[in-house]
Undergrad: 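My questions all concern the structure below.
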Amino acid sequence: MGWGKEAGLTRTDWPEGSLLSRLHRRDRDALLRLGVPISYAARQAVLRQGEEGDHALLLVSGQVKIVVSTRQGREVLLAVRGPGDLLGEMAVLERRKRSASILAGTAVVARVIGGAELREFLSRHNDVCLAVARAVSERLRSADRDRVDFVVWPAPARIVRVLLEIVRRFGRQTPHGWDIGVPLTQAEVASLAGTALSTVEKTFHAMQEAGLVRQRYRRIVVTDLGDLGRFGEHPPVRN
């Protein structure tokens, strides 16, 4: 099946900010040799909230969605992760049940790493352990920034910031603009931006009228990143 190449063992470039992008080649290659390869189809459950954290996943290709189910039965999209990210490591390290589910947003290739194997590896590789700790710390800082943004920025501006951040991490350029790279519904954008679906619908209508975005089923294309950023600074619609 050619798993060596498919599982990322020959890849040298990883998205900025991912765990693998932070590591020296020797540590990165050693981490990529852990576990066994696995693939998931788009929309397939990768990890489930409430399960025992007995393994982690190192994402090699594709994007996943981090989702939490509330007591009211609502699913809230918290984040999107991509190639080079380690998933489910907190439950493994804390030996606790998983606090969120992970769903494949696209077709995904990953490596399944047993909990004991990962803990033993981190105990022997201090630089990787520190990189994992920094990645977790940055996620916590990002959550704090999101709380500040909720107070400081109006909802339409937060929607724009969500789109720009996803394009920065996962976007790909096309003849028509920047495809954000992750299939998202407007309801999922609303969840990421912390606002109502009706506000997202109004904001997207305004952006489409201004020629800033194009939409197809679950696909969003940004026609001009600079103009979209300026729209976010002075959005014509309010929550």
Side-chain angles (χ1 to χ4, degrees), residues 1-11 13-21 32 35-51 53-70 73-91 98-113 135 139 159 162-193 197 200-201 204 213-222:
M1 295 179 63
W3 273 113
K5 182 177 181 181
E6 194 170 340
L9 299 182
T10 62
R11 180 173 176 170
D13 61 315
W14 294 93
E16 181 182 355
S18 67
L19 174 64
L20 291 184
S21 73
L32 278 164
V36 296
I38 192 170
S39 61
Y40 298 92
R43 304 188 194 179
Q44 187 176 352
V46 175
L47 299 175
R48 296 183 186 276
Q49 182 176 341
E51 288 182 340
D54 57 0
H55 66 275
L57 290 171
L58 183 60
L59 191 57
V60 174
S61 66
Q63 288 83 36
V64 299
K65 301 175 182 181
I66 314 298
V67 177
V68 168
S69 298
T70 68
R74 179 186 172 193
E75 287 195 344
V76 179
L77 177 61
L78 298 182
V80 178
R81 301 278 181 256
D85 286 333
L86 187 62
L87 312 171
E89 77 283 7
M90 292 183 66
R98 304 198 188 280
S99 59
S101 295
I102 298 180
L103 306 177
T106 64
V108 163
V109 174
R111 296 191 71 83
V112 182
I113 306 172
R139 293 206 295 264
I159 293 165
V162 163
L163 295 179
L164 290 176
E165 175 61 18
I166 292 178
V167 169
R168 184 188 70 81
R169 292 199 63 196
F170 309 117
R172 59 179 183 270
Q173 197 163 17
T174 74
H176 305 292
W178 284 88
D179 187 309
I180 68 170
V182 184
L184 290 176
T185 65
Q186 289 191 357
E188 289 173 327
V189 173
S191 182
L192 289 171
L197 174 58
V200 172
E201 292 170 342
F204 267 80
V213 299
R214 297 181 179 180
Q215 274 191 284
R216 294 180 180 176
Y217 179 68
R218 291 179 176 264
R219 308 302 303 187
I220 301 170
V221 175
V222 177

Undergrad: Donor-acceptor check, side chain of Ser21 to backbone of Gly17, threshold 3.5 angstrom: yes or no?
TA: yes
Undergrad: Rounded to the nearest 0.5 Å, how far does CG of Leu192 lie from NZ of Lys65?
TA: 9.0 Å
Undergrad: Nearest heavy-atom pair of Gly62 and Leu59: which atoms, and what distance?
TA: O-CD2, 3.5 Å
Undergrad: Between Leu32 and Leu58, is any pair of side-chain heavy atoms under 4.5 Å apart?
TA: yes
Undergrad: Quick check: do Tyr40 and Val64 have side-chain heavy atoms less than 4.5 Å from each other?
TA: no
Undergrad: Is there a side chain to side chain contact (heavy atoms under 4.5 Å, CB included) between Val213 and Val221? Walk through the geometry before answering.
TA: CA-CA 5 Å; Val213 299; Val221 175; over 6 Å; no
Undergrad: Please report the interatomic distance OG1(Thr185) to CZ(Arg219), rounded to the nearest 0.5 Å.
TA: 12.5 Å
Undergrad: For a quick test of reading the model, state the closest non-hydrogen atom pair linking Ala193 to Ile159 and the distance between them.
TA: CB-CG1, 3.8 Å
Undergrad: Mind checking the CG-CD1 spacing from Leu103 to Ile66? Nearest 0.5 Å is all I need.
TA: 8.5 Å
Undergrad: My understanding is that only residues two or more places apart in sequence, or in another chain, count here; which of them pass salt bridge (Lys or Arg N to Asp or Glu O under 4.0 Å) with Arg214?
TA: none
Undergrad: Not counting sequence neighbours, which residues clear salt bridge (Lys or Arg N to Asp or Glu O under 4.0 Å) with Arg172? List them please.
TA: Asp179
Undergrad: Who passes salt bridge (Lys or Arg N to Asp or Glu O under 4.0 Å) against Glu165, sequence neighbours left out?
TA: Arg168
Undergrad: Would you confirm whether Arg98, through its side chain, and Glu51, through its main-chain N or O, come within 3.5 Å as a donor-acceptor pair?
TA: no
Undergrad: Which heavy atom of His55 sits nearest a heavy atom of Leu47, and at what distance?
TA: NE2-CD2, 3.4 Å
Undergrad: If you measure from CD1 on Ile113 to CD1 on Ile38, what distance do you get to the nearest 0.5 Å?
TA: 12.0 Å
Undergrad: Nearest heavy-atom pair of Thr106 and Gln63: which atoms, and what distance?
TA: OG1-N, 3.0 Å
Undergrad: For Gln49, what residues pass the side-chain hydrogen bond (donor to acceptor under 3.5 Å, both in side chains) criterion, not counting sequence neighbours?
TA: none
Undergrad: To the nearest 0.5 angstrom, please state how far the CG atom of Leu164 sits from the CH2 atom of Trp178.
TA: 12.0 Å
Undergrad: Stepwise, does the side chain to side chain contact (heavy atoms under 4.5 Å, CB included) test hold for Leu57 with Val112?
TA: CA-CA 5 Å; Leu57 290 171; Val112 182; 3.4 Å; yes
Undergrad: Mind listing the side-chain donor-acceptor pairs of residues 73-87 below 3.5 Å, one per line with the distance, residues two or more places apart or on another chain?
TA:
unit_1	atom_1	unit_2	atom_2	d
Asp85	OD2	Gly82	N	3.0
Asp85	OD2	Arg169	NH2	3.1

Undergrad: Measure the CD-CD1 distance between Gln186 and Ile220 for me, rounded to the nearest 0.5 Å.
TA: 7.0 Å
Undergrad: Test of understanding: with salt bridge (Lys or Arg N to Asp or Glu O under 4.0 Å), list the residues that count as partners of Arg139, not counting sequence neighbours.
TA: Glu89
